[in-house]
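Let me begin by presenting the structure, written as structure tokens, before commenting on it.
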Amino acid sequence: AVPRTQLDAALLDFAADAGARVVTGWKAVDVTLTGASTAGVVESVTFRRGREERTVRCGTLVLAEGVRSGIARKLGVQWLRGMVHGIAARSYCPTPRGDDPWIHSHLELRDAEGTAQPGYGWIFPLGDATGGSDPKGVNLGCGALSTSKRPAKVNVKKLLTHYADQVRDEWELGEPEDIASALLPMGGAVTRVAGVNWAAVGDTAALVNPLNGEGIDYALESAQDLVEYLPDAARTPRGLADIWPAHLRGRYGDAFSLARRAATLLTMPGLLSAVGPLGFRGPLAPRLMGAATRLMGNLVTPEDRDLTARAWLTAGKLSVGHDRFRHPESRPLFGA
Ligand SMILES: Cc1cc2nc3c(=O)[nH]c(=O)nc-3n(C[C@H](O)[C@H](O)[C@H](O)COP(=O)(O)OP(=O)(O)OC[C@H]3O[C@@H](n4cnc5c(N)ncnc54)[C@H](O)[C@@H]3O)c2cc1C
């Protein structure tokens, strides 16, 4: 693991080296469209820095605004917050165990009163990523899942401090620093992801895996895929409007639908601590944990033919069918 600022700086350098013109400090505040429909063509984007404003004409607009998607909302991208989503907080903690070779998760989190929480904790050792400083640190955080039926009534920053207290002795931890929290839009739970010359990637398209909270790889992957679709889109009058949601549905639809369903179950406090021991500590633990890691990380591909893969892929298709039947009005998967 590396601190996020390092990853972002490396990505930015990479883009600049590849020829991107990097302009920082400006916020996109508005878009103009041809015609009244948000499915139309974005003509320009207006940026603001302090009192200064500039309007830039637009060929293709990639919406990579993350979870606070102001421009995306103007283009009709609505995040369906009633569906399962995450709330997470992370910190950096000094510890002499910062070069531990493993990442660690705690799936049975309890708050200060000992009540089971619908969430999980993680410790990612940062090794030399902190620049070789001594003591080395870890990224320590926690996340909780929430739905409109079972909102997570938890202060994740407080839960993080409590979690750090629980593992302090084992990790010889210092105080958590730089605590930050944010929402995680998950499982493609947005009403639309594209118009003729614009498309959403990453968190703006709710591309976070509901079963493990990972969104960085999906953000990178979706941006890379989008670039590959641009030549095809330029050849059709509807541009990205149909191609992009169809691609996201094909790539993530089944797995995300099923993962959202499974994650919704995890919002039931106590469920994990009731069934967890069977999976984590029973005689079948090694096999179950192997399967769980594969399923949670969305590492099953349509080419896999083993029993776990076939069961998961079939369940994914059934889950999408159920979504269409249950949520025709909200069109939860990328506008499906
Ligand atoms: C506490 C926490 C821990 C996490 N840990 C992990 C993890 O370990 N692994 C993992 O894979 N995922 C993790 N995630 C999820 C991951 O952070 C996101 O899924 C990922 O950052 C999404 O990338 P993105 O590029 O879509 O959005 P972001 O990373 O949010 O980037 C969006 C960028 O756009 C900028 N922006 C927004 N609006 C505008 C505007 N109008 N004008 C100009 N700029 C704008 C923002 O400032 C920001 O820099 C975590 C999330 C949280 C909250």
Side-chain angles (χ1 to χ4, degrees), residues 1-12 15 22-31 42 45-49 53-56 58 61-75 77 79 85-93 103-105 119-126 129 138-146 152 154-157 159-160 163 176 178-190 193 198-226 248 252 256 296-299:
V2 294
R4 185 60 196 268
T5 45
Q6 268 187 35
L7 175 69
D8 287 356
L11 287 171
L12 197 63
V22 177
V23 181
T24 58
W26 292 80
K27 183 174 180 180
V29 289
D30 208 358
V31 281
V42 175
V45 183
T46 302
F47 291 88
R48 191 177 293 153
R49 183 172 67 180
E53 263 192 11
R54 279 194 197 167
T55 297
V56 179
C58 175
L61 177 64
V62 179
L63 288 170
E65 299 179 277
V67 62
R68 277 190 241 124
S69 317
I71 298 294
R73 270 200 302 278
K74 282 182 198 277
L75 290 171
V77 180
W79 173 26
H85 62 273
I87 311 166
R90 70 100 181 92
S91 66
Y92 294 106
C93 298
I103 63 172
H104 299 251
S105 304
Y120 52 92
W122 68 80
I123 300 176
F124 297 160
L126 295 172
V138 290
N139 169 332
L140 177 144
C142 61
L145 293 164
S146 188
V154 59
N155 178 332
V156 279
K157 288 188 177 177
L159 188 61
L160 183 150
Y163 173 48
D178 198 14
I179 303 179
S181 66
L183 296 170
L184 292 133
M186 293 176 152
V190 283
V193 287
W198 64 267
V201 296
D203 278 13
T204 308
L207 293 178
V208 174
N209 182 338
L211 283 180
N212 62 10
E214 281 179 356
I216 295 171
D217 48 350
Y218 296 93
L220 294 171
E221 200 169 73
S222 55
Q224 186 178 19
D225 287 358
L226 179 60
L248 291 183
Y252 305 118
F256 275 4
M296 286 171 75
N298 192 20
L299 299 171

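Just so you know, ligand 1 is whichever comes first in the structure, and atom 1 is the first atom listed for that ligand.
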message: Return the closest protein heavy atom for atom 40 (C) of ligand 1 as residue, atom name and distance.
response: A28 N, 3.7 Å
- prompt: Where is the nearest protein heavy atom to atom 29 (O) of ligand 1: which residue, which atom, and how far?
  reply: R4 NH2, 3.0 Å
- prompt: Which ligand 1 atoms are under 4.0 Å away from a heavy-atom of W122?
  reply: 3 (C)
- prompt: Hey, which atoms in ligand 1 end up nearer than 4.0 Å to a heavy atom of G213?
  reply: 12 (N), 13 (C), 14 (N), 15 (C)
task: Report, in ascending order of atom number, the atoms of ligand 1 lying under 4.0 Å from any heavy atom of G66.
output: 27 (O), 30 (O), 32 (C)
field: Validation row: I123, N139 side chains within 4.5 angstrom (heavy atoms)
entry: no
query: Hey, does A180 come in under 3.5 Å of ligand 1, counting only N/O atoms on both sides?
result: no
message: Suppose I only count heavy atoms of R90 and a 4.0 Å limit; which atoms of ligand 1 are within that range?
response: 1 (C)
message: Could you go through R90 and W122, starting from their C-alpha distance and side-chain angles, then the distance that decides it, and tell me whether this counts as side chain to side chain contact (heavy atoms under 4.5 Å, CB included)?
response: CA-CA 9 Å; R90 70 100 181 92; W122 68 80; 3.9 Å; yes
- request: Check each heavy atom of L207 against ligand 1 and say whether those closer than 4.0 Å belong to the side chain, the backbone, both or neither.
  value: neither
task: Specify whether the nearest protein heavy atom to atom 48 (C) of ligand 1 is under 4.0 angstrom away.
output: no
task: For atom 37 (C) of ligand 1, find the nearest protein heavy atom and state the residue, atom name and distance (0.1 Å precision).
output: E65 O, 3.1 Å
- line: A student checking ligand 1 against F124 at a 4.0 Å heavy-atom cut-off should list atoms 8 (O)
message: For a side chain to side chain contact (heavy atoms under 4.5 Å, CB included) check, start with the C-alpha distance between L75 and V31, then their side-chain angles and the critical distance, and finish with the verdict.
response: CA-CA 8 Å; L75 290 171; V31 281; 4.1 Å; yes
task: Using a distance threshold of 4.0 Å (strictly less than), state whether atom 45 (C) of ligand 1 has a protein heavy-atom neighbour.
output: no
- prompt: Is there a side chain to side chain contact (heavy atoms under 4.5 Å, CB included) between D203 and V208 once you walk through the steps?
  reply: CA-CA 7 Å; D203 278 13; V208 174; 3.2 Å; yes
query: Does any N or O in the side chain of T204 come within less than 3.5 Å of the main-chain N or O of A200, such that one atom is a donor and the other an acceptor?
result: no
- request: Would you check whether W26 reaches within less than 4.0 Å of ligand 1, judged by its heavy atoms?
  value: yes
Atom 50 (C) of ligand 1: the protein heavy-atom neighbour that sits closest, reported with distance to 0.1 Å: L184 CD2, 4.0 Å
query: Under the 4.0 Å line, does any protein heavy atom show up next to atom 21 (O) of ligand 1?
result: yes
- prompt: How close does the nearest protein non-hydrogen atom get to atom 53 (C) of ligand 1, and which residue and atom is it?
  reply: A182 CB, 3.5 Å
Protein heavy-atom partner closest to atom 9 (N) of ligand 1 - residue, atom, separation in Å: I216 CD1, 4.0 Å
- prompt: With under 30° as parallel and over 60° as perpendicular, where do the rings of Y252 and F256 fit, or are they tilted in between?
  reply: parallel
query: To which protein heavy atom is atom 12 (N) of ligand 1 closest, and what is the distance rounded to 0.1 Å?
result: G215 N, 3.1 Å
query: R73 side chain to W79 main-chain N or O, any donor-acceptor pair under 3.5 Å?
result: no
statement: d(E214 CD, I216 CD1) to nearest 0.5 Å is 8.5 Å
- prompt: Are the side chain of E65 and the backbone of I71 linked by a donor-acceptor contact shorter than 3.5 Å?
  reply: yes
message: Quick check: do V23 and F47 have side-chain heavy atoms less than 4.5 Å from each other?
response: no
- prompt: Just wondering, are more than 12 heavy atoms of other shown residues or ligands nearer than 6.0 Å to CD1 in I103?
  reply: no
query: To the nearest 0.5 Å, what is the distance between OG1 (T46) and CD (E53)?
result: 6.0 Å
message: I need the atoms of ligand 1 closer than 4.0 Å to a non-hydrogen atom of D203, numbered in the order shown.
response: 18 (C), 19 (O), 20 (C), 22 (C), 26 (O)
- prompt: Can you tell which part of V208 has a heavy atom less than 4.0 Å from ligand 1: side chain, backbone, both or neither?
  reply: side chain
message: I'd like to check which ligand 1 atoms, numbered from 1 as shown, lie under 4.0 Å from a non-hydrogen atom of A88.
response: 1 (C), 2 (C)
message: Any nitrogen or oxygen of S181 lying under 3.5 Å from a nitrogen or oxygen in ligand 1? Just yes or no.
response: no
Atoms in ligand 1 flagged as close to A89, the criterion being non-hydrogen separation under 4.0 Å: 1 (C)
task: Decide yes or no for L63 and S69: does some side-chain heavy atom of the first lie under 4.5 Å from some side-chain heavy atom of the second?
output: no
task: Hey, could you give me the CZ/OG1 distance between R49 and T24, rounded to the nearest 0.5 Å?
output: 7.5 Å
- line: atom 32 (C) of ligand 1 sits nearest the protein heavy atom A64 O, 3.4 Å
query: What's the spacing between L248 CG and L226 CG if we round to 0.5 Å?
result: 8.5 Å
message: Tell me whether atom 18 (C) of ligand 1 lies less than 4.0 Å from at least one protein heavy-atom position.
response: yes
- prompt: Within the structure, does A219 bring an N/O atom to less than 3.5 angstrom of an N/O atom in ligand 1?
  reply: no
